[in-house]
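Shown next, in structure tokens, is the structure this report addresses.
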Amino acid sequence: MLNYIWISLIILGILVAAGSDAADELGNTYRNGISLEVRFVVAKRPSPLRSAWEGTIVLSAAEFNSLYGPGSADSAVNQPAMVSVDASGRSTVTMTAGSGTPRLWAEMAKHAADPGRLAATAAPLNPEAEGNALPLRMVVEPIRFVRLKAVTAAALDYAAAAVNISIGLIGVMALWLGVMKVAGEAGLLGIITRALTPLTRRLFPDIPPDHPALASMIMNIAANMLGLNNAATPMGLKAMEELNRLNPRLGTATNAMVTFLAINTGGLVLIPATAIAVRAAAGSANPGIIIGTSIIGSGCATIAGVAASRLLQRLPRYRRQVEADHD
Amino acid sequence: MTDVFRTIVNTVAVCAIPMMFVLFLGWGVVKKVKVYEVFVEGAKEGFTTAVRIIPYLVAMLVAIGIFRASGALDLLTRLLGPVTTLIGMPPETLAMAFMRPLSGSGSLGVMTELMKVHGPDSLIGVMASTMYGSSETTFYVLAVYFGSAGIRNTRHAVPVGLIADAAGMLAAVWVVNLLFH
């Protein structure tokens with residue numbers, strides 16, 4: 001099933017991105033090639049030394065939305081701009097994204113040829129014009145394939161992130177595997193395992209009651225319950241490796257592995273540390289209020305997961321995959 | 001009550017790991033284990049395990065990255081929003097329910113954003129943080145855990161993980177509506 005989910009995420013993502021870009025193109029969301037008239041409030045006129053105008057494009061949100069469609073700007077536009085004139089008399093407008101930039105232009109600037117700086121070609125401003133607010137006719141540079149470009153960037157970024165996460169795990173893995181090895185040699189893990197045998201015998205009937213995988217699983221679940229994610233992952237990975245020693249068919253998940261995973265993804269928790277920390281940072285009057293609700297939520301998830309793993313492992317299609325060797 | 005909770009949470013967060021070091025390593029000393037030698041022996045497996053999960057994690061995160069960047073999640077949220085409102089689930093928290101199994105950092109971002117917009121103690125804020133606390137990043141766990149054991153055929157693990165997630169999300173919606181609505 002993971003094969004289907006995996007390919008669906010990729011294909012669906014690319015199709016939605018292509019569809020969204022096609023819709024932008026058809027509706028011309030970014031007004032590519034269309035001449036727009038804006039109000040340019042001059043701060044500095046060109047001098048014999050510099051041939052550029054400096055100033056601000058000032059529009060109300062309603063005026064901007066009438067150019068680009070509803071929802072393009074949430075507040076009044078105050079976009080700093082520089083209008084430079086080249087030798088042939090053509091003007092180029094350069095707008096650097098900032099706090100006065102409307103939502104749509106900020107989005108466009110991200111995908112501009114020079115990221116963060118939106119460019120436009122404009123009709124020349126009249127140096128003799130009276131007053132400070134001049135009409136400026138300009139065509140903003142074409143913006144295309146925003147989503148497809150984002151998808152490409154995400155694929156490359158996430159591939160790099162995956163390696164960074166894995167490499168980042170080396171230190172904390174080594175630390176906890178070392179501590180666990182000492183606890184194992186000292187017999188502490190055996191004591192913990194024996195104390196919980198009544199529970200583990202029911203959850204993992206395929207695992208011998210004194211197998212080291214049980215100790216790692218117990219430690220992993222305990223760390224998860226306390227919200228100690230850093231400690232939980234190394235112990236969980238150690239547990240999977242030990243479960244794999246009992247695996248008659250390498251490369252295929254065993255029933256015990258799936259049950260263990262169900263407990264893990266259910267995420268049974270006593271102290272949802274991250275959520276509490278975020279609530280406190282957001283200024284909650286009572287960050288810990290979600291402790292009770294999270295225990296109920298994750299409890300239901302864990303029970304449902306364990307029950308589902310016990311039921312689904314009996315389905316012929318999943319049973320066949322582990323029994324094929326014995327035939 | 002608040003202060004008691006906060007004190008307990010802080011104490012556990014600060015003390016749990018040092019206490020475990022003291023207990024585990026101390027027990028080793030008592031039982032005359034050569035603690036340093038054994039620690040190093042165990043620690044050396046850390047490298048191979050971490051490196052072994054790289055291909056699994058690359059495959060999983062790239063697919064999730066493409067899906068997130070495409071805007072497909074917004075589309076799903078917009079399509080299903082009217083339906084989930086019927087069970088007392090505000091459409092804003094639907095993005096959370098979809099993001100939670102896919103991406104830990106993504107769902108953290110959704111939760112932070114929802115609290116910023118609606119306030120941490122609003123129904124949406126409490127529901128989003130309960131949903132975050134009620135589940136784990138299933139696909140990440142799937143890739144990393146199965147990766148470390150070299151498992152490619154995951155059998156019923158994906159449906160089991162998704163059933164657990166759905167149960168967690170629905171339970172979170174139910175209990176938050178019951179207590180805070």
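These numbers were taken from a predicted model, which means no experiment stands behind them. Naming convention: chains lettered A, B, ... in sequence-line order (proteins, then strands); numbering from 1 in each chain.
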- Task: Would you mind checking which part of A:Asn247 comes under 4.5 Å of any heavy atom in chain B, side chain (CB onward), backbone (N, CA, C, O), both or neither?
- Result: side chain

- side chain to side chain donor-acceptor pair (under 3.5 Å) between B:Arg68 and B:Ser103: does it pass, once the steps are laid out? CA-CA 9 Å; B:Arg68 277 185 62 186; B:Ser103 164; 3.2 Å; yes

- Query: What part of B:Val40 gets closer than 4.5 Å to chain A, counting heavy atoms only: side chain, backbone, both or neither?
  - Reply: neither

- Message: Could you check whether any side-chain heavy atom of A:Phe204 comes within less than 4.5 Å of a side-chain heavy atom of A:Leu243, counting everything from C-beta outward?
- Response: no

- Query: What part of A:Ile14 lies closer than 4.5 angstrom to a heavy atom of chain B: side chain, backbone, both or neither?
  - Reply: both

- Okay, side chain of A:Asp24, backbone of A:Thr29: is any donor-acceptor separation there less than 3.5 Å? no

- Message: For chain B, which candidate among A:Pro272, A:Ala307, A:Gly267, A:Ala253 shows the most heavy-atom pairs at distances under 4.5 Å?
- Response: A:Ala253

- Message: Which atoms of B:Leu25 are under 4.5 Å from chain A, going by heavy atoms: the side chain, the backbone, both sets, or neither?
- Response: both

- Item | Greatest number of heavy atom pairs closer than 4.5 Å to chain A - which of B:Pro55, B:Ala59, B:Ala157 | B:Ala59

- Message: Is any side-chain heavy atom of A:Glu185 closer than 4.5 Å to one of A:Val182?
- Response: no

- Query: Are there residues of residues 145-153 of chain B that reach to under 4.5 Å of chain A by heavy atoms, and which ones?
  - Reply: B:Tyr145, B:Phe146, B:Ser148, B:Ala149, B:Gly150, B:Ile151, B:Arg152, B:Asn153

- Under a 4.5 Å heavy-atom cutoff, which of B:Ile53, B:Thr49, B:Val141 has the most pairs with chain A? B:Thr49

- Task: Measure A:Ala222 against the heavy atoms of chain B and call it side chain, backbone, both or neither at under 4.5 Å.
- Result: neither

- Can you check whether A:Leu237 reaches A:Thr233 side chain to side chain, under 4.5 Å on heavy atoms? yes

- Message: Does A:Asp206 form a side chain to side chain contact (heavy atoms under 4.5 Å, CB included) with A:Leu246? I'd like the steps, not just the answer.
- Response: CA-CA 9 Å; A:Asp206 310 338; A:Leu246 297 169; over 6 Å; no

- Have A:Ser216 and A:Glu242 got a donor and an acceptor in their side chains that come within less than 3.5 Å? yes

- Message: For A:Thr265 versus B:Ala164, what's the shortest heavy-atom pair and its separation?
- Response: OG1-CB, 4.2 Å

- Message: Do B:Tyr140 and B:Leu57 make a side-chain contact, defined as non-hydrogen atoms from C-beta onward lying under 4.5 Å apart?
- Response: yes

- Below 6.0 angstrom between ring centroids: does that apply to A:Trp6 and B:Phe67? no

- Under 4.5 Å, heavy atom to heavy atom, which residues of residues 145-153 of chain A contact chain B? A:Arg147, A:Ala150, A:Val151

- Task: Flag the one option from A:Leu12, A:Ile10, A:Val179 with the top tally of heavy-atom pairs under 4.5 Å to chain B.
- Result: A:Val179

- Query: More than 12 heavy atoms of other residues, nucleotides or ligands under 6.0 Å from CZ of B:Phe180: is that the case?
  - Reply: yes

- Item | From A:Ile218 atom CD1 to A:Leu203 atom CG, the distance as rounded to the nearest 0.5 Å | 10.0 Å

- Message: So for B:Met60, is it side chain, backbone, both, or neither that comes closer than 4.5 Å to the heavy atoms of chain A?
- Response: both

- Message: Between A:Ile271 and chain B, with a heavy-atom cut-off of 4.5 Å, which part of the residue counts as in contact: side chain, backbone, both or neither?
- Response: side chain

- Among residues 72-100 of chain B, those lying within the under-4.5 Å heavy-atom range of chain A are B:Ala72, B:Asp74, B:Leu75

- Task: Let me know if A:Leu175 has heavy atoms under 4.5 Å from chain B in its side chain, its backbone, both or neither.
- Result: both

- If you tally heavy-atom pairs under 4.5 Å against chain A, which of B:Ile54, B:Leu23, B:Leu162 wins? B:Ile54

- Donor on one side chain, acceptor on other, A:Ser294 and B:Ser134, under 3.5 Å: no

- Turns out that what part of B:Pro159 lies under 4.5 Å from chain A's heavy atoms comes down to both

- Task: Taking all non-hydrogen atoms of both residues into account, name the closest pair between A:Phe260 and A:Gly236 and its distance.
- Result: CE2-O, 3.8 Å

- Task: Name the region of A:Ile263, side chain, backbone, both or neither, that has any atom closer than 4.5 Å to a heavy atom of chain B.
- Result: neither

- Message: At a 4.5 Å cut-off on heavy atoms, which part of A:Ala155 comes close to chain B: side chain, backbone, both, or neither?
- Response: both

- Query: Do the side chains of A:Ile289 and A:Arg279 get nearer than 4.5 Å, heavy atoms only?
  - Reply: yes

- Query: Between B:Asp165, B:Val173, B:Leu142, which shows the greatest number of heavy-atom pairs under 4.5 Å with chain A?
  - Reply: B:Leu142

- Item | Contact winner vs chain B - A:Gln313, A:Met180, A:Met1, A:Met240, heavy-atom pairs under 4.5 Å | A:Met240

- Query: Is chain A contacted by the side chain of B:Tyr132, its backbone, both, or neither, given a heavy-atom distance below 4.5 Å?
  - Reply: side chain

- Heavy-atom count around B:Phe21 CZ within 6.0 Å, excluding the residue itself: above 12? yes

- At their closest point, which heavy atom of A:Ile207 faces which heavy atom of A:Ala256, and how far apart are they? CD1-CB, 3.7 Å

- Task: Side-chain contact test, heavy atoms from C-beta onward, threshold under 4.5 Å: evaluate it for B:Met20 versus A:Trp176 and give yes or no.
- Result: yes

- Query: What part of A:Asn164 lies closer than 4.5 angstrom to a heavy atom of chain B: side chain, backbone, both or neither?
  - Reply: neither

- Message: Tell me which of these, B:Leu178, B:Leu179, B:Ile163, has more heavy-atom pairs under 4.5 Å with chain A than the rest.
- Response: B:Ile163

- Query: Which atoms form the tightest heavy-atom contact between A:Ala273 and A:Gly227, and what is the distance?
  - Reply: CB-O, 4.2 Å

- Task: Using heavy atoms and a sub-4.5 Å threshold, report which of residues 105-130 of chain B line up against chain A, by residue number.
- Result: B:Leu108, B:Met111, B:Thr112, B:Met115, B:Pro120, B:Asp121, B:Gly125, B:Val126, B:Ser129, B:Thr130

- Task: May I ask you to name which of A:Leu188, A:Leu261, A:Leu189, A:Val163 has the most heavy-atom pairs under 4.5 Å with chain B?
- Result: A:Leu188

- Message: Please classify the contact between B:Val144 and chain A as side chain, backbone, both or neither, with a heavy-atom cut-off of under 4.5 Å.
- Response: both

- Given a strict heavy-atom distance threshold of 4.5 Å, which part of A:Asn230 is in contact with chain B: side chain, backbone, both, or neither? neither

- Query: Do the side chains of A:Ile276 and A:Ile291 get nearer than 4.5 Å, heavy atoms only?
  - Reply: yes

- Note on the structure: Okay, B:Tyr56 and chain A: the region with an atom under 4.5 Å from a heavy atom over there is neither

- Query: Where is the tightest heavy-atom contact between B:Val58 and A:Ala159, given as atom of each residue plus distance?
  - Reply: CG2-O, 3.9 Å

- Hey, is A:Glu241 close enough to A:Lys238 for a salt bridge, meaning N to O under 4.0 Å? no

- Message: Counting heavy-atom pairs closer than 4.5 Å to chain B, which one of A:Ala17, A:Ser8, A:Gly187, A:Ala262 comes out on top?
- Response: A:Ala17

- Query: Quick one: of A:Leu9, A:Asn244, A:Ile290, who has the most non-hydrogen atom pairs under 4.5 Å with chain B?
  - Reply: A:Leu9

- Item | Validation row: B:Thr137, B:Leu102 side chains within 4.5 angstrom (heavy atoms) | no

- Item | Heavy-atom pair of closest approach, residues B:Gly133 and A:Val269 | O-CG1, 3.4 Å

- Message: If you count heavy-atom pairs within less than 4.5 Å of chain A, which of B:Gly46, B:Ala171, B:Ala43 leads?
- Response: B:Ala43

